[in-house]
Amino acid sequence: MGLILNSLATLIFDPSLWLLMLAAVAMGMVFGAVPGLGGKLGIVLSIPIVFGMETLPGCVFLVAMHSVVHTGGSIPSILLGIPGTGPDAATVCDGYPMTQRGEGGRALGASLAASAVGGVLGAVFLAALIPIVGPVVLAFGPAEYFFLALLGLTFVGAVSGNDLRKGILVGALGLMLAFVGSEPQTGVQRFTLDQIFLWDGVDVITAVIGIFAIPECLALVAGEPAEARRVGAGTRYGFADLFEGVKDVGRHWGLTVRTSFIGAVIGLIPGLGGDVASWMCYGHAVQHSKTPERFGKGAVEGVIGPEAANNSKEGGALLPTLFFGIPGSSGMAVMLGAFVVLGVQPGPEMAGERLDLVWVLIWTLVVANVLGALMFLAVGRWLALVVHLRAGLLVPFVLLLACVGSFLGGGSWENLLLLVVLGVLGAAMKRHHWPRAPFVIGLVLGPIMELSLHQALTIWGPSFVLRPVALGLAIATLATVAVSIRTASRRKGGSRAAA
Amino acid sequence: MRRPELAVGLALLALFGGMVVAASSYPAAARLLPLIVGIPALALTAWELRAQWRVAAPTEPDAAPARLERRAQGVAFVWFVAFVLAIVAGGFSIGGVAAVVVAQRFWLRESWRTSLIGGAVAFAVLFAGIDRGLGQPLFEGVVTAWVRRWLGI
């Protein structure tokens with residue numbers, strides 16, 4: 001207990017650490033808010049800043065910066081329909097419709113509160129797991145990854161709205177596009193059309209911008225009278241709306257806690273990443289709602305679920321990074337390198353002689369998330385004014401940011417051409433009422449599913465399904481499929497009866 | 001197209017069909033999942049198309065506004081494609097800024113003053129903010145690079 005309190009005192013009674021955290025949080029929010037940049041790049045660009053710093057301030061700066069990236073990432077997701085980073089894409093589904101309905105302030109409030117609570121609970125999760133970290137991480141191998149990805153895919157049913165068949169088809173399209181690029185076993189280039197930029201696969205940010213942001217952006221100027229061409233037409237909001245969103249998190253506290261927990265667990269498992277966390281939690285929010293038909297049209301729970309998960313997963317991801325030297329995500333992989341630059345050698349000894357540093361970092365997660373929320377609260381009202389701009393002022397900048405995000409996310413100009421193709425597809429889906437969220441779930445989970453299936457088959461053969469945790473996940477997957485089919489047939493029956 | 005609601009289904013049918021055919025020539029490990037996903041998806045798409053085909057074509061409540069909306073969407077798409085092509089040709093700092101000015105002035109009917117201010121803001125964000133400020137070199141453009149090489153700069 002003494003160590004825990006001493007670590008907190010070290011953090012809060014040092015003004016220089018406060019200044020560093022403030023700078024880091026502001027920087028993290030900017031890196032999250034500019035589409036395509038993200039936390040990984042933030043850490044890369046921070047290495048020259050922390051180079052030469054003492055170990056403790058350097059680590060505090062990096063962790064504080066990285067922990068609030070997704071808090072900032074929700075700003076363009078909610079206000080413009082462009083995800084700041086990949087994991088913020090799930091927030092677009094309901095955050096942007098809320099803005100279109102004139103509830104952007106409420107969505108931002110819900111996002112910042114869910115992010116803060118998620119970040120704090122992620123830190124609590126990290127703290128609670130320190131004594132039992134080994135068995136938890138080691139319980140997950142390729143077989144369990146495969147079934148976890150399969151379980152995630154079953155959420156396609158939950159986010160398909162009234163048409164399960166269309167949802168499955170769109171999810172299958174996402175999966176098929178996830179197979180584009182180098183095959184992990186043989187190195188064969190699949191579906192790349194001899195284009196080098198496709199060797200690494202279809203960039204998730206480009207796909208999300210094309211399927212979600214471009215159709216919404218173009219709908220803003222097409223088919224609406226000039227005076228109505230504002231995202232949140234006819235509404236003004238201030239702190240009251242932001243607080244309304246904050247209160248929503250309290251109203252849905254069960255969902256917030258559950259999705260924070262799921263996010264932290266997914267963060268803990270190396271290689272799954274933030275996209276999986278946010279989409280699985282979005283699916284969880286839909287599946288556990290009594291009114292799932294509201295999702296995709298501006299349900300506040302669709303903002304709370306992914307935002308809580310986004311931030312809580314950082315706590316989970318720090319665990320294998322610090323104690324095993326196994327990065328929980330690609331961002332954590334860069335963080336691992338930065339820690340080494342700062343003289344920290346991640347590994348089991350962190351649980352012994354460097355436990356003081358670990359506790360300071362846990363407190364940093366807590367303080368940075370609260371600071372991020374306060375900073376967001378202070379500027380949120382002004383940020384929200386962006387939705388009152390005329391389409392003539394806003395649309396060209398949204399298109400420009402979408403192109404910047406696609407270019408930086410994919411690292412190649414050819415991604416801009418892919419953006420056009422996916423934009424056309426997304427607009428056709430929107431026009432003819434095809435669900436779009438299943439596409440991203442398939443795209444995100446496809447590579448994990450394929451890689452882990454091959455690894456599991458190589459290690460255990462077909463008997464990999466009998467491993468205890470894998471079997472549990474397989475049963476959960478079957479149960480979710482059964483529930484989805486039953487819900488879909490009930491909905492169909494209900495709509496027939498209504499007709 | 002007489003039945004535009006079939007467009008997405010037809011596009012999916014073509015995509016799944018093409019990908020299944022392409023996947024069948026890959027080594028076993030590489031084609032396993034694409035075929036496991038692609039073949040049922042192909043069948044399901046055919047089923048969906050059949051179901052959509054058998055439903056009577058939805059009637060437009062008022063043809064004229066719907067036609068105008070479709071036309072506006074077509075125009076928006078042409079502008080979007082032109083916007084992206086301007087960036088591909090001239091890069092973000094030149095093509096992107098020019099695209100913002102031209103789109104604001106000629107597509108969205110803003111005044112010259114607003115459009116030029118928009119262009120200046122775009123340049124500041126792209127060049128000073130992202131390229132120099134964050135140290136993220138942005139794409140310079142296919143044509144711009146060619147001209148630069150031609151001039152020997």
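Remember, predicted model here, so these are calculated numbers, not experimental data. Reckoned from all heavy atoms, side chains included, excluding hydrogens, waters and symmetry mates. Quick note on labels: first sequence line is chain A, next is B, and so on, each numbered from 1.
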Closest heavy-atom pair and its distance - A:Met176, B:Met19: O-CE, 3.4 Å
Segment of B:Pro40 engaging chain A (4.5 angstrom heavy-atom cut-off): neither
Centroid-centroid under 6.0 Å between A:Phe191 and B:Tyr26 rings: yes
Which atom of A:Cys403 lies closest to which atom of B:Phe92, heavy atoms considered: O-CZ, 3.6 Å
Proximity breakdown for B:Leu138 and chain A, heavy-atom pairs closer than 4.5 Å: both
Donor-acceptor pair, side chain of A:Arg165 and main chain of B:Leu44, under 3.5 angstrom: no
Side-chain heavy-atom pair A:Phe179, B:Arg31 within 4.5 angstrom cut-off: no
Spacing of A:Leu399 atom CG and B:Trp107 atom CH2 [to the nearest 0.5 Å]: 5.5 Å
Choice from B:Val97, B:Val81, B:Val101, B:Val88 maximising heavy atom contacts with chain A below 4.5 Å: B:Val88
Chain B contact via A:Leu175 - side chain, backbone, both or neither, heavy atoms under 4.5 Å: side chain
Within-4.5 Å side-chain heavy-atom neighbours: A:Phe407 and B:Ile87: no
Main-chain N/O of B:Val8 paired with A:His432 side-chain donor or acceptor, under 3.5 Å: no
Top contributor to chain A contacts, counting heavy-atom pairs under 4.5 Å, from B:Ala76, B:Gly91, B:Ser115: B:Ala76
Residue A:Val188 versus chain B: region with a heavy atom under 4.5 Å: side chain
